[in-house]
Amino acid sequence: MEELFKKLDLNEYLSAYNEFLSRPKPLFISGDSKANYEKIEEISQINIKSPKEIANLDDALMRLSKQAVLHISEIYEFSKIIEYFKYLKAQNFAPKMRGYLDKIEIPASIEQIDQYFDENGEFKESIDERLVSINEAYKNKKRQIDESLKKLIYTKSLSPYLVDTQIHYINSNEALLVRGGFNHALKGTVIGRSSGGYFYILPDIVSNLKTQQSDLLDKKEEILYEHAKIISSIFSKNLPFLKFINSAFDYIDSLISRVSFAKSRDYNFVLANSSKDIILSQFAHPALKNPKRVSVDFRGKILLITGVNAGGKSMLLKSIMSAALLAKYLLPMSINSDKSSIGSFKEFEAIIEDPQNSKNDISTFAGRMIGFSRVLGKKQILIGVDEIELGTDFEEAASLYSILLTSMMKNDVKMVITTHHKRLAMLLAKNSEVELLAALYDEQNSRPKYEFLKGIIGKSYAFETASRYGIPANLVASAKSAYGDDKENLNEMISKAINLELELKLKLDNLKEKELKLDLLLKDAKEAKVKADDMLRARLNALETEFYKAINEAKRGINLKDTKDKQRSLNNANSMAKAIQKPNIISEPPKLKVGDRVKYDKIKGVVVSISKNDATIDSNGVSFRVPIALLKITSEAPLPLNNQNKINVSVARPVSASVMIDLHGLRAEEAIDRLDKFISDSLLAGFDEVLIKHGIGTGKLAYAVKEFLKSHPSVKAFKDGTPSEGGFGSKVVKL
């Protein structure tokens with residue numbers, strides 16, 4: 001596995017990921033991949049602390065099965081696992097993780113084991129009072145050692161022999177550095193010599209205190225052993241749980257380390273699916289510092305990458321292989337995960353490097369054959385081959401590999417292949433399972449584009465590359481002559497085909513962009529009409545209410561008996577009527593001229609032409625005809641007109657429109673065509689409810705109308721008409 005990661009330039013990625021693990025473990029995560037992916041998604045939703053580093057406990061578990069006593073440090077490792085699971089169970093996870101953690105029940109006898117240790121992993125002295133006195137005695141001995149050394153340093157008899165007044169640590173012992181003859185002033189043991197020939201002395205008084213410290217540590221170890229024996233006995237009784245929780249920790253660690261790694265690099269996850277397709281959107285290989293992202297749609301069995309030298313063919317191969325490998329092990333990557341889909345493969349084989357060297361005693365081509373012999377007959381495998389013809393005559397290689405690859409395609413394999421030569425591509429191109437991809441060359445600037453075009457055989461541009469890197473023009477010209485006019489003409493035809501394909505691709509992309517703009521404009525226009533209709537209805541309702549109040553006031557006055565009261569009431573009703581603000585039906589349209597910046601609700605544009613009642617405006621390259629009365633002039637400066645690459649859209653009200661259509665006697669297909677146009681005209685006319693008469697008959701026409709109305713995006717609802725409207729033979733439609 002490490003060799004495969006190295007071949008795909010993923011060794012640094014793997015090292016970086018391993019730093020997030022609490023302890024080393026295989027990449028594979030046990031269990032259902034989809035369930036693991038869902039748990040990773042849930043973990044990503046909350047901020048969670050990573051677990052502490054944990055030692056491998058396999059040996060400790062084996063010894064527990066034999067009733068052995070664990071060292072207190074091993075017990076601490078188990079306590080860290082227990083502590084972390086208690087922390088996880090307290091978090092507010094979504095259902096998948098919550099359900100998994102709720103199933104883990106920690107036995108009461110070991111639930112509090114994490115409380116026995118402090119943050120540094122030391123056994124808490126509060127658990128056993130004897131530890132308190134021992135620790136205090138140990139500290140006192142340490143103070144006595146420090147005081148004794150200070151007294152010796154400032155002793156007059158020793159002063160002439162001291163090289164310095166520092167306390168030196170030699171093999172964990174406090175020592176003084178002295179000159180020869182010190183034995184007249186100091187009793188001690190020589191424990192070292194300095195580079196200057198001086199002596200490191202451990203004074204006898206310090207040695208005695210150190211011995212006493214050692215005795216205290218021995219007593220402490222005896223006490224810790226007593227507790228380790230008790231805890232080990234409890235652990236032995238709960239051995240099945242400890243084995244489970246140890247394994248469960250590795251599982252959780254695998255999930256959390258992936259999430260932490262992904263967050264640190266802003267990576268995404270892609271769940272490998274059951275298909276064999278590899279569809280990548282904006283993938284960036286982690287080894288590249290400033291990557292040019294690649295998008296690939298590979299659904300066949302072989303992807304053959306041809307084209308310019310140093311144009312990124314090998315890195316594209318490694319990118320495709322890497323993305324599939326990372327998806328298999330649920331490792332994060334830099335990719336648009338929403339638009340990507342990666343199939344699942346049991347095995348991976350990268351035939352990339354030149355196998356020839358002085359040790360293995362095989363040729364390059366022989367090494368290629370060995371590589372292919374390993375994968376022949378295998379299934380559910382993704383194979384990457386870089387420079388497939390390497391090491392032999394390319395004409396012979398083309399014939400050999402075309403037969404070999406055709407045979408392999410009969411098995412469940414998927415291959416990504418790069419090659420410099422066109423003959424192999426031409427031999428394989430006839431097969432529908434072979435997809436072609438050409439690395440592109442910028443002829444104007446004489447350099448690779450590091451982009452790829454699907455469905456075409458690429459040119460190597462060897463002569464152009466040679467010129468670019470300083471080979472004299474006369475030598476390049478001679479090489480072209482030796483290469484042959486026919487082959488060079490073929491190269492020219494390939495270049496022209498690539499350029500035509502690129503031009504077509506650009507036009508298609510431009511058309512898609514314009515279609516998107518048109519859809520947005522039509523949506524805005526429809527929203528503007530709905531908004532205007534709503535405002536009109538609201539204003540009519542308000543006017544009706546105000547007139548209703550004035551009329552009621554007049555009616556009330558007529559019924560009054562007193563003449564003065566009648567007069568006052570009528571005057572009041574008249575005042576209410578006069579106070580009603582009538583809408584200005586005939587408003588002065590804005591005075592427009594070509595080039596003005598205008599706004600139609602949310603749609604902004606520039607006037608390109610004006611007729612009697614309408615103006616054509618240009619909005620982001622799309623022309624739109626709108627009634628002048630609905631336009632507003634904006635204060636922004638006019639934009640320069642651009643008459644190229646525009647889409648003209650004209651939306652006009654139908655000359656005549658009806659709220660009812662009769663489809664009796666029509667065939668279903670003809671009736672649906674008329675109905676489609678009828679609904680479009682009704683929408684433009686502003687109708688919000690129409691009547692469709694189709695009759696009952698055999699029921700075919702009624703069924704066709706019903707299915708059409710169900711699928712029409714502008715139909716809000718529909719129902720059978722009333723008896724007077726045609727009953728079951730009609731439909732009342734709300735738009």
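Sequence positions, counted from 1, serve as the residue numbers for this chain.
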Should Phe241 and Phe235 be marked as a ring pair (Phe, Tyr, Trp, His ring centres under 6.0 Å) after you check the CA-CA gap, both sets of side-chain angles, and the distance that decides it?
CA-CA 9 Å; Phe241 170 78; Phe235 276 8; 9.4 Å; no

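- Residues Ser334 and Asn268 bring no donor and acceptor atom of their side chains to less than 3.5 Å of each other.
- One finds the CD1 atom of Ile335 at 9.0 Å from the CG atom of Leu326 (value rounded to the nearest 0.5 Å).
- Atoms CG and CG, on Asp250 and Asn56 in that order, are 8.0 Å from each other to the nearest 0.5 Å.
- At distances below 3.5 Å, not a single donor-acceptor pair connects side-chain atoms of Arg258 with backbone N or O atoms of Ile40.
- Of the listed residues (Ser50, Ser44, Pro332), just one forms a side chain to side chain contact (heavy atoms under 4.5 Å, CB included) with Ser260, and that residue is Ser50.
- Tyr76 and Lys52 get closest at one heavy-atom pair: OH-NZ, 4.1 Å.
- For the pair Leu382/Glu347, no side-chain contact is recorded, criterion being any heavy-atom separation below 4.5 Å from C-beta on.
- The shortest non-hydrogen separation linking Leu64 to Ser236 is O-OG, 3.4 Å.
- For Lys346, the NZ atom counts as loosely surrounded, since its 6.0 Å shell holds 12 or fewer non-hydrogen atoms of other residues, nucleotides or ligands.
- A donor and an acceptor atom, one from each side chain of Asp114 and Tyr84, are nowhere located under 3.5 Å apart.
- In this structure, CG in Asp297 is found 10.5 Å from CD1 in Ile278, a value given to the nearest 0.5 Å.
- Side-chain contact between Val385 and Val416 is absent, with no heavy atoms from C-beta onward closer than 4.5 Å.
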Quick one, Lys378 with Val413, criterion side chain to side chain contact (heavy atoms under 4.5 Å, CB included). Give me CA distance, side-chain angles, the key distance, then yes/no.
CA-CA 8 Å; Lys378 288 190 175 182; Val413 300; 5.7 Å; no

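- One N or O on the side chain of Ser373 and one on the backbone of Ile370 form a donor-acceptor pair closer than 3.5 Å.
- Using a 4.0 Å cut-off between charged side-chain N and carboxylate O, Asp9 and Lys318 make a salt bridge.
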Would you please test Ser109 and Asn238 for side chain to side chain donor-acceptor pair (under 3.5 Å) and show each step?
CA-CA 9 Å; Ser109 57; Asn238 291 276; 3.2 Å; yes

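- In summary, the side chains of Ser341 and Asp277 do not present any donor paired with an acceptor at a separation below 3.5 Å, with no hydrogens or angles considered.
- Taking all atoms of both residues into account, the shortest heavy-atom contact from Lys263 to Ile46 is NZ-O, 3.2 Å.
- Of the possible donor and acceptor atoms, none in the side chain of Lys379 sits under 3.5 Å from a partner among the backbone N and O of Asp412.
- When atom types are taken as modelled, the side chain of Arg265 and the backbone of Pro286 share no donor-acceptor pair closer than 3.5 angstrom.
- In summary, Glu42 and Lys96 do not engage in a salt bridge, as defined by a charged side-chain N under 4.0 Å from a carboxylate O.
- Aromatic ring orientation, Tyr267 versus Phe261: perpendicular (interplanar angle above 60°, classes split at 30° and 60°).
- Between the side chain of Ser407 and the backbone N or O of Ile403 there is no donor-acceptor pair closer than 3.5 Å.
- Classification of Lys80 and Glu77 as a salt-bridged pair holds, one side-chain N sitting under 4.0 Å from a carboxylate O.
- Side-chain contact between Glu221 and Leu224 is present, with heavy atoms from C-beta onward closer than 4.5 Å.
- Note: Glu349 CD to Met321 CE = 8.0 Å, rounded to the nearest 0.5 Å.
- For the pair Leu10/His285, a side-chain contact is recorded, criterion being any heavy-atom separation below 4.5 Å from C-beta on.
- Geometrically, Lys414 engages Phe298 in a cation-pi contact, judged by NZ or CZ lying under 6.0 Å from the ring centre and within 45° of the ring axis.
- With Ser295 contributing its side chain and Gln282 its backbone, the two residues share a donor-acceptor pair below 3.5 Å.
- Checked by atom type and distance alone, the side chain of Asn36 pairs as donor or acceptor with a backbone atom of Asp32 at under 3.5 Å.
- Between His712 and Phe708, the ring-plane angle classifies as perpendicular under the 30° and 60° cut-offs.
- Classified by interplanar angle (parallel below 30°, tilted 30° to 60°, perpendicular above 60°), the ring pair Phe117/Phe123 is perpendicular.
- More than 12 non-hydrogen atoms from other residues, nucleotides or ligands lie less than 6.0 angstrom from CG of Asp102.
- Side-chain atoms of Ile75 and Tyr116, non-hydrogen and from C-beta on, never get closer than 4.5 Å to each other.
- Other residues, nucleotides and ligands contribute more than 12 heavy atoms inside 6.0 Å of the CD atom of Glu111.
- Of the possible polar contacts, one joining the Glu435 side chain to the Gly300 backbone as a donor-acceptor pair under 3.5 Å is found.
- To the nearest 0.5 Å, atoms OG (Ser254) and NZ (Lys39) are separated by 11.5 Å.
- With a 4.5 Å cut-off on side-chain heavy atoms, Lys25 and Arg23 count as touching.
- Considering all non-hydrogen atoms of both residues, Tyr87 and Asn47 come closest at OH-O, 4.5 Å.
- The two residues Ser274 and Lys276 have their closest heavy-atom pair at O-NZ, 4.0 Å.
- Under the 6.0 Å cut-off for aromatic ring centres, Phe244 and Tyr251 do not qualify, their centroids lying 6.0 Å or more apart.
- No more than 12 heavy atoms of other residues, nucleotides or ligands sit less than 6.0 Å from atom NZ of Lys716.
- Inter-residue side-chain proximity for Thr419 and Glu387 is flagged as unmet; no heavy-atom pair is nearer than 4.5 Å.
- Judged by distance alone, the side chains of Arg293 and Ser281 never bring a donor and an acceptor atom under 3.5 Å apart.
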Would you sort out whether Tyr17 and Ser257 count as a side chain to side chain donor-acceptor pair (under 3.5 Å), showing the intermediate values?
CA-CA 8 Å; Tyr17 164 71; Ser257 61; 3.0 Å; yes

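- Taking all atoms of both residues into account, the shortest heavy-atom contact from Ala323 to Leu280 is CB-CD2, 3.7 Å.
- The cationic atom of Lys328 (NZ for Lys, CZ for Arg) does not lie both less than 6.0 Å from the six-membered ring centre of Phe348 and within 45° of the ring axis.
- At distances below 3.5 Å, at least one donor-acceptor pair connects side-chain atoms of Asp253 with backbone N or O atoms of Ser22.
- Within the 4.5 Å cutoff, the side chain of Leu101 has heavy atoms near those of the Phe85 side chain.
- Here the OG-NZ distance, from Ser337 to Lys339, works out to 11.5 Å after rounding to the nearest 0.5 Å.
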